[in-house]
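The sequence lines fix the lettering, A, B, ..., with proteins before strands; numbering per chain opens at 1. Everything quoted here is computed from the prediction, not taken from an experiment.
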There are 2 protein chains.
Amino acid sequence: MADWQMITGGVTAPKGFRAAGITAGLKPSGLPDLALIVSDVDAIAAGVFTTSCVRAACVDYCRQRLKAKHYARAILCNAGQANAGTGQQGLEDAIESAQLLAQALEISPNAVLLASTGVIGQRIKMEGLRSGIPNVVAALSETGSDSAAKAITTTDLVTKSIALETRIADRPVRIGGIAKGSGMIHPNMATMLAFITCDAAVAPHLWQEMLHRAADKSFNQITVDGDTSTNDSLIALANGQSRTPVITEMGPEAEKLEAMLTEVCTYLAQSIARDGEGATCLIEVQVTGASSDSAARQIARTIAGSSLTKSAIFGRDPNWGRIAGAAGRAGVPFNQEELSIWLGEFCLMENGQPLAFDRAGANAYLVQQANASISPLAGKSVVSTENSNELLVLEGNYPTVFDREAASIQFVNHPVIIRVRVGEGSGQGKAWGCDLSYDYVKINAEYTT
Amino acid sequence: MADWQMITGGVTAPKGFRAAGITAGLKPSGLPDLALIVSDVDAIAAGVFTTSCVRAACVDYCRQRLKAKHYARAILCNAGQANAGTGQQGLEDAIESAQLLAQALEISPNAVLLASTGVIGQRIKMEGLRSGIPNVVAALSETGSDSAAKAITTTDLVTKSIALETRIADRPVRIGGIAKGSGMIHPNMATMLAFITCDAAVAPHLWQEMLHRAADKSFNQITVDGDTSTNDSLIALANGQSRTPVITEMGPEAEKLEAMLTEVCTYLAQSIARDGEGATCLIEVQVTGASSDSAARQIARTIAGSSLTKSAIFGRDPNWGRIAGAAGRAGVPFNQEELSIWLGEFCLMENGQPLAFDRAGANAYLVQQANASISPLAGKSVVSTENSNELLVLEGNYPTVFDREAASIQFVNHPVIIRVRVGEGSGQGKAWGCDLSYDYVKINAEYTT
């Protein structure tokens, strides 16, 4: 069905994009912390940002830029300091960052977009940033996506990257994306950043609409609108370097492009959910029978975000009562006599009546699905992700240095699948989450001090 | 200022009430699991219940009863099985329970109210309930409040109970209450039950209004309306046995009664928050400067419920960024340039600008407040609360049997206080929560299997 193929190259797979990631001394760990994505020509730019009242300076900055004009040349992202809750000084730091980058790239400061992630309340270490900007510009490369993907991570265990290719007007068109997440990915617990590049030619309003719809089906199904972190940003550039005709309205070609954009966003969103802090498996919640797609998505999101459900999955416990409880409090009315729940192929409740299901089988399903997507880090305590050049993990009681590359995992192929039917409506939707483990608490109790 | 004094006796402190709690074999542990509160005469009855679409049979049952008539004689509560998601059979079980109790008490089945707590999706063990009902009726006593308070607990470490006395028309008037909570007490994670008795004489509509307002300031500030468990129930009986004049409208005496009712609810709500699963301390969030009290309460509730804030407090980390982040996403618009945050007496942010506060002092404040309300169980892993007659805890690595009574703690006198000002408005409100520890995850990963 899918009308595209997966290719390598991340955000530098589409034509006319270069990227880089370097160490600028912003993170205490000495890990890469400054990323840059540049388009060779002006690119149509669209963005979706946090709806929080407490916002990072970069979010206010990008919103103003994108309101004034719909194109950009560069995205600069620092990791280590969120530059949120930093007042007027924080905004001045953002403006200075954009100006310095514009000088180094010899472009207009208005063509620069910004993102930050890290500790809320800390300003960007401007000394490091100032000396880092020429270096990250010098490092720009047509194969630089992976180094940029690494430089935007914080407590992420692995980088998140994808690129897809399709054909439009008989020419190849590509979309690439990188993202960072971690935190528990329930909205209040993470900075979610995603940067997308595309070489299609598309009208600005259409590109923005497509991005909004794609975000609603993907990132907003792991991170709830109106309930997000200070820094959440999704930015997408389309530079037209595929030399395909400009897509100006919905039609077969626009639909093809939007489907591929949605797939890129979904993959990145799933990757973020899978890599939630302390997570041992990915959970996919599928809801059908609701009165509308948005109602179904809301129920799915509530289940995927329920700490009780997440704890039960961590315990490999087919506790459908917690799933039913979460569905019921999602704020979407339904008749509990029409509620049915499946875990994989095991039907646990049908039309409001609990079934005498095969508990051992359902438990085995959970164990099997979790094992199928297991990380080499699973079951080990990650002692440090930020403060050393490698991951320091506990194997048994022995600390072991673990290679971050080797921790790369089969992300999203084998989620634990929870299916819920709430009635006879045509509305359907999906959401993604991870289980809730001891390590989540450990990571978040010890993050800053 | 308070126009009342604390007395002993819980729900049997007000005149004309008896209570009991017994072991009916409903819990696998053999701990008490069936509670009964009875008024000697018809009492005005008011209730506030979960707003979830997935409700326990007892909730539907009580709603119907209280809609039809505004008085009751008895509240029967079982622990062990939630009787939620149990379909038609669950409702039939509830009706049978009420009928059996009515026969044993020689009252009308319509005068019986019901509550359940325990595992969602499990029917009440009716064999145990049928044989237990005559025993719990036989055990009724004017000093039975403590045994009833114990029988309604599940993973609660301690019982929650209070009684206050004031004077109306120169006669003593009393309100008593017991409650159970646990779970993380964020709404999606607990059954919250509270039963309140009062010997004042009050008109039904007024009693219901008072209870709603009191719940909004107390229980709903630990458990969000529209976002509650399947079984949450607050039931209040007023039987007039103080022989004071009937209060029929608002005025000085009604205000006095409502203030005392609010105090009882607040104490019980705080006790529930303090005893959250795995909690090591109570957190009180005070919000001022909002456009309305309800806006202030919403912000307070969001901060108190933020897993990132809760994890930081567990780590004794003055991470005001997480507090600001939670305030910002509460869904209440405010200007981030007017946001100020205090931890105890330490001002961490003023008018949107982070301050260079005394980090060591703020950390010491957190340690000190937590220690002041510390439980003898703090720092120990509770291995079992349901499956043995005692608490089995780990001291160091050694399992130790711990007396449940001895675990009783100084509940609510020394909370960690987070103060937030969001502007110049007159709206203010409080909310309560607990920190998020490793043990929360442990308890919830292992609850049913």
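- Counting non-hydrogen atoms of other residues, nucleotides and ligands closer than 6.0 Å to CD of A:Gln89 gives a total above 12.
- Between chain A and the options B:Pro333, B:Ala82, B:Gly90, B:Gly121, heavy-atom pairs under 4.5 Å are most frequent for B:Gly121.
- With a 4.5 Å cut-off on non-hydrogen atoms, B:Val422 does not touch chain A at all.
- More than 12 non-hydrogen atoms from other residues, nucleotides or ligands lie less than 6.0 angstrom from CD of A:Glu92.
- For the pair B:Cys53 and A:Val332, the tightest heavy-atom approach, listed with the atom from each and the gap, is SG-O, 3.5 Å.
- Using a 4.5 Å cut-off between heavy atoms, A:Leu348 makes no contact with chain B at all.
- Proximity to chain B (any heavy atom under 4.5 Å) is shown, for A:Ala326, by neither the backbone nor the side chain.
- Of the possible donor and acceptor atoms, none in the side chain of A:Glu337 sits under 3.5 Å from a partner among the backbone N and O of B:Gly87.
- Taking every heavy atom of both residues into account, B:Pro354 and A:Gly85 meet most closely at CD-O, 3.2 Å.
- Contact check for A:Asp60 versus B:Gln336: side-chain heavy atoms found under the 4.5 Å cut-off.
- Within the 4.5 angstrom heavy-atom criterion, atoms from both the backbone and the side chain of B:Arg55 approach chain A.
- Nearest heavy-atom pair, B:Ser52 versus A:Gly325, reported as atom, atom and distance to 0.1 Å: OG-O, 4.3 Å.
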